[in-house]
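As a basis for the values below, the full set of heavy atoms in this structure was taken, side chains included, without hydrogen atoms, waters or symmetry mates.
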Amino acid sequence: MFGCLVAGRLVQTDAVQVASDKFVFNLPDYENVNHVVVFMLGTVPFPAGVGGAVYFSFPDPAGGQVWQLLGFITNDKPSAIFKISGLKAGEGGAHPFGMMAAPQVSAAQVGVSMEPLDQLAQQTPVSGAAVSTVDSFMLFTRKMLDNLYNFASSFALTQAQMTPNPSETYIPSSCLLRWYENFQRRLTQNPNFWKS
């Protein structure tokens, strides 16, 4: 029903079914894994109103497991990429997999728990698991533009306040504002325009 993919490795389709609605993949050598892709195989869809919450767990030598919610997959969104390189062991909580008496494992695990869609929509994934998207790039760029404009504007002087200084070059703030507005417009039209 599910597959798991790590770059440079074979696709895993051998999820262990640990309960009627819970599946687990083992990830050996997890220290060298940056991202993991979890996807539906396309052979069996989720029942109506159900999706799959995707969790991650580090091996815990002290016993017990701490699961971290990465996100979810559904019939409408049958695959997702998650960043696991920034996650920290011990953070998270007792999620559906942690409540089960699972054998102690020395590999990290990725789990898929079938849950109602309305419940999935209310859950908050652990910070740092989402892969950056164009939206986050655009948000960063806008924040950077705002910061530059605000910084440069903090040095603004009226013409009456200026004292002649041959070593200084002055740029009209209207010029900076025009550049700022043009850059935002172009970014909205094509977020990758700056690559050409």
Side-chain angles (χ1 to χ4, degrees), residues 3-9 27 30-40 51-56 58 66-93 95 108 110 112 115-196:
C4 181
L5 177 64
V6 173
R9 298 185 188 181
L27 286 182
Y30 67 92
E31 297 90 350
N32 298 317
V33 176
N34 290 321
H35 297 82
V36 63
V37 179
V38 177
F39 57 94
M40 297 176 63
V54 180
Y55 293 92
F56 179 79
F58 289 97
V66 178
W67 290 90
Q68 301 176 21
L69 177 66
L70 301 178
F72 62 90
I73 57 175
T74 65
N75 289 335
D76 294 330
K77 182 186 159 215
S79 64
I81 303 171
F82 303 105
K83 182 178 178 183
I84 61 171
S85 59
L87 302 180
K88 297 185 176 33
E91 292 180 1
H95 291 289
V110 172
V112 180
E115 300 174 8
L117 290 176
D118 57 344
Q119 184 178 335
L120 290 177
Q122 296 174 12
Q123 296 175 347
T124 305
V126 65
S127 64
V131 175
S132 61
T133 63
V134 171
D135 292 337
S136 65
F137 172 75
M138 286 180 61
L139 179 63
F140 165 76
T141 305
R142 284 204 172 97
K143 295 284 186 186
M144 182 188 65
L145 290 171
D146 288 340
N147 185 281
L148 172 64
Y149 182 76
N150 291 335
F151 177 77
S153 296
S154 71
F155 295 98
L157 299 172
T158 64
Q159 200 165 19
Q161 294 172 319
M162 286 188 202
T163 56
N165 186 348
S167 64
E168 288 285 334
T169 303
Y170 292 94
I171 300 171
S173 62
S174 61
C175 180
L176 184 61
L177 180 60
R178 192 169 53 246
W179 168 81
Y180 171 80
E181 290 169 346
N182 286 339
F183 196 94
Q184 278 197 322
R185 179 183 47 77
R186 291 180 71 192
L187 187 65
T188 302
Q189 292 171 347
N190 177 8
N192 296 313
F193 84 92
W194 56 272
K195 291 182 179 180
S196 57

How close do [X] and [Y] get, heavy atom to heavy atom, and via which atoms?
X: Cys4; Y: Leu27; value: SG-CD2, 4.3 Å
X: Ser79; Y: Phe39; value: CB-CB, 3.6 Å
X: Gln184; Y: Leu145; value: CG-CD1, 3.9 Å
X: Ala156; Y: Gln161; value: O-OE1, 4.5 Å
X: Gly52; Y: Leu120; value: N-CD1, 3.8 Å
X: Leu176; Y: Ala152; value: CD2-CB, 3.3 Å

Verdict with supporting geometry, Asn182 and Arg178, side-chain contact (heavy atoms from CB on, under 4.5 Å)
CA-CA 6 Å; Asn182 286 339; Arg178 192 169 53 246; 4.0 Å; yes
Is the closest side-chain heavy-atom distance between [X] and [Y] below 4.5 Å?
X: Val126; Y: Tyr55; answer: no
X: Leu177; Y: Tyr149; answer: yes
X: Ile171; Y: Trp179; answer: no

Give, for atom [atom1] of [X] and atom [atom2] of [Y], the distance between the pair rounded to the nearest 0.5 Å.
X: Ser85; Y: Asn32; atom1: OG; atom2: CG; result: 11.0 Å
X: Asp118; Y: Gln123; atom1: CG; atom2: CD; result: 10.0 Å
X: Tyr180; Y: Ser173; atom1: OH; atom2: OG; result: 14.0 Å
X: Phe183; Y: Met144; atom1: CZ; atom2: CE; result: 5.5 Å
X: Lys143; Y: Asn147; atom1: NZ; atom2: CG; result: 10.5 Å

Val36, Leu69, Ile84 screened by side chain to side chain contact (heavy atoms under 4.5 Å, CB included) with Phe56, the one that passes
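Filter result, single survivor: Ile84.
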In a check of side chain to side chain contact (heavy atoms under 4.5 Å, CB included) between Val38 and each of Leu5, Val110, Ile81, which one passes?
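In the set Leu5, Val110, Ile81, the residue that makes a side chain to side chain contact (heavy atoms under 4.5 Å, CB included) with Val38 is Val110.
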Output all residues satisfying ring-ring contact (aromatic ring centres under 6.0 Å, His included) with Tyr170, sequence neighbours left out; order by chain, then residue number.
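Not a single residue meets the ring-ring contact (aromatic ring centres under 6.0 Å, His included) criterion with Tyr170.
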Could you check whether the rings of Phe155 and Phe151 sit parallel, tilted or perpendicular, using 30° and 60° as the cut-offs?
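Ring orientation, 0 to 90° scale: perpendicular.
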